[in-house]
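Position 1 is the first residue of the sequence; numbering continues from there. Computation of the quantities below employed the complete heavy-atom set of this structure, encompassing side-chain atoms and omitting hydrogens, waters and symmetry-equivalent molecules. Every number for a ligand or one of its atoms is a count from 1 in the order of the listing.
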Amino acid sequence: MKTVSRRDRAGIPLSLAFSRATALLALLVVSIGLVACDGSAEPNDGSSASLVVGFSQIGAESDWRRANTQSIRDEAAKRGIDLRFSDAQQKKENQIKAIRSFIAQGVDVIAFSPVVETGFEQVLEEAKRAGIPVVLSDRAVEVSDDSLYVSFIGSDFEEEGRRAAQWLVDNTEGEVRVAELQGTPGSAPALDRAAGFRAVIENHDRVEIVWSQSGNFTRTEGKQAFQAFLKSPDADSVTALYAHNDDMAIGAIQAIKEAGKDPGEDIKIVSIDAVKQAFQAMIDGDLNCTVECNPLIGPQLFDIIEKVAAGESVPKRVKVEEGVFTASEAAELIDSRQY
Ligand code: GYE
């Protein structure tokens, strides 16, 4: 067996309303399972029992997220891990339900990418009480007790915000009036990317944020928000757009074109993620810069999960390495981009 954690935990998942017949059957199955574990014997087919991991994903809101999901699924399959995957459709309530269901199923490890930072304390306490370790993937939570998760693997979102601002400072002259499309309100990347950007422009009087609104990390909402903004009196004076992800930038690019302006020229655009479509937008001259946020964290994530399941110690925080790409190198690099 790859792990002993399931055996150590007392309790059989009882969340579902069993009929008596189903309950009896379940009891039989569980007893057989216990016998197999106790005798330290391998399952009948000779293979080792696989690690069971519950993963609650945020949704499929962006190209970044889809690449992230694929990386996680591929890596789990490669390692023969039994992955219970759940898509929360950008709703915290759905994530809480998914985590409760993983607890009831008695998975070995729970991993999840919290849509927002707050509101998970209680369900994380439930997981802790059940003895199931939790690994945070991509986004952080805000909790008073950080023993509620064993490790957090993800990007440094504040650094990404600083890099976006630095590009703007270094590549624009004169007064820069910035419109900002923020990510999902209350999410770690929206909060940190806003903070990192501000930390840099604070020292530059000529750069000022004149408008800021959420586009929820999606192309559609980014476009809608920017369309509305372009109709406002402030729109004419804006010279730059900072979008918290490429999808919203791509939505805004459409809105800018429809309003008869030239994206990348009339309005300089810097965004975050570095998805393939952003490279295409840079080649087309519509986007000026994208700061990398790497979604392909499946291998690193499962390295941590397997260690946790084996009872080994893991770092509390694992950062993902990433770069910054500009329009001048887009054509050369687009084919090497994996997402
Ligand atoms: O930048 C955005 C996605 O949490 C880093 O979520 C992630 C962000 C990413 O929807 O495209």
Side-chain angles (χ1 to χ4, degrees), residues 55-72 87-92 94-95 111-118 120 135-142 149 152-165 180-197 213-223 225-226 241-253 269-281 287 289-298 300-301 317-325 337-339:
F55 188 91
S56 166
Q57 179 61 292
I58 290 172
E61 74 281 4
S62 61
D63 283 0
W64 189 100
R65 185 67 52 200
R66 283 183 282 274
N68 180 247
T69 292
Q70 199 55 51
S71 169
I72 289 162
D87 177 333
Q89 304 191 329
Q90 295 245 69
K91 291 201 177 70
K92 177 174 72 183
N94 291 344
Q95 293 204 287
F112 89 115
S113 185
V115 60
V116 290
E117 284 192 341
T118 54
F120 290 103
V135 175
L136 301 177
S137 169
D138 158 41
R139 296 187 186 178
V141 287
E142 210 186 286
Y149 63 88
F152 163 40
I153 170 171
S155 307
D156 183 341
F157 300 136
E158 257 194 64
E159 174 60 20
E160 292 166 356
R162 284 194 289 272
R163 289 177 177 178
E180 179 187 39
L181 272 171
Q182 293 212 357
T184 304
S187 69
L191 295 165
D192 294 352
R193 287 172 184 171
F197 190 86
Q213 205 171 299
S214 170
N216 204 22
F217 281 129
T218 71
R219 216 168 276 200
T220 316
E221 285 168 85
K223 181 176 180 183
F226 216 66
L241 165 65
Y242 165 42
H244 286 193
N245 80 344
D246 292 334
D247 278 75
M248 292 189 295
I250 290 164
I253 286 169
I269 308 176
V270 53
S271 60
I272 298 176
D273 276 355
V275 298
K276 209 166 192 148
Q277 286 234 9
F279 280 75
Q280 191 55 54
L287 178 72
C289 176
T290 183
V291 173
E292 187 180 32
C293 181
N294 184 4
L296 308 179
I297 59 178
Q300 267 178 295
L301 174 68
R317 174 76 168 103
V318 178
K319 282 189 191 169
V320 182
E321 295 278 308
E322 35 221 5
V324 177
F325 305 104
R337 299 302 296 168
Q338 289 177 60
Y339 61 95

Counting only non-hydrogen atoms and a 4.0 Å cut-off, the residues near ligand 1 are Glu61, Ser62, Trp64, Arg65, Asp138, Arg139, Phe157, Pro189, Arg193, Phe217, Asn245, Asp273, Cys293
Tell me, please, which residues at least two apart from Phe226 pass ring-ring contact (aromatic ring centres under 6.0 Å, His included).
Trp211, Phe229
Who are the ring-ring contact (aromatic ring centres under 6.0 Å, His included) partners of Phe112, not counting sequence neighbours?
Phe120
Check residues 183-193 and write down every donor-acceptor pair under 3.5 Å in which the side-chain atom is one partner and the other belongs to a residue at least two apart or another chain.
from, atom 1, to, atom 2, distance (Å)
Thr184, OG1, Asn216, OD1, 2.8
Ser187, OG, Thr184, O, 2.8
Ser187, OG, Ala190, N, 3.3
Arg193, NE, Glu160, OE1, 2.9
Arg193, NH1, His244, O, 2.7
Arg193, NH2, Glu160, OE1, 2.8

Is it true that a side-chain atom of Arg317 and a backbone atom of Gly154 form a donor plus acceptor pair closer than 3.5 Å?
yes
For Glu142, look at atom CD and say whether over 12 heavy atoms of other residues, nucleotides or ligands are found less than 6.0 Å away.
no
One should read off an interatomic distance between Asp63 CG and Lys276 NZ, to the nearest 0.5 angstrom, of 11.5 Å
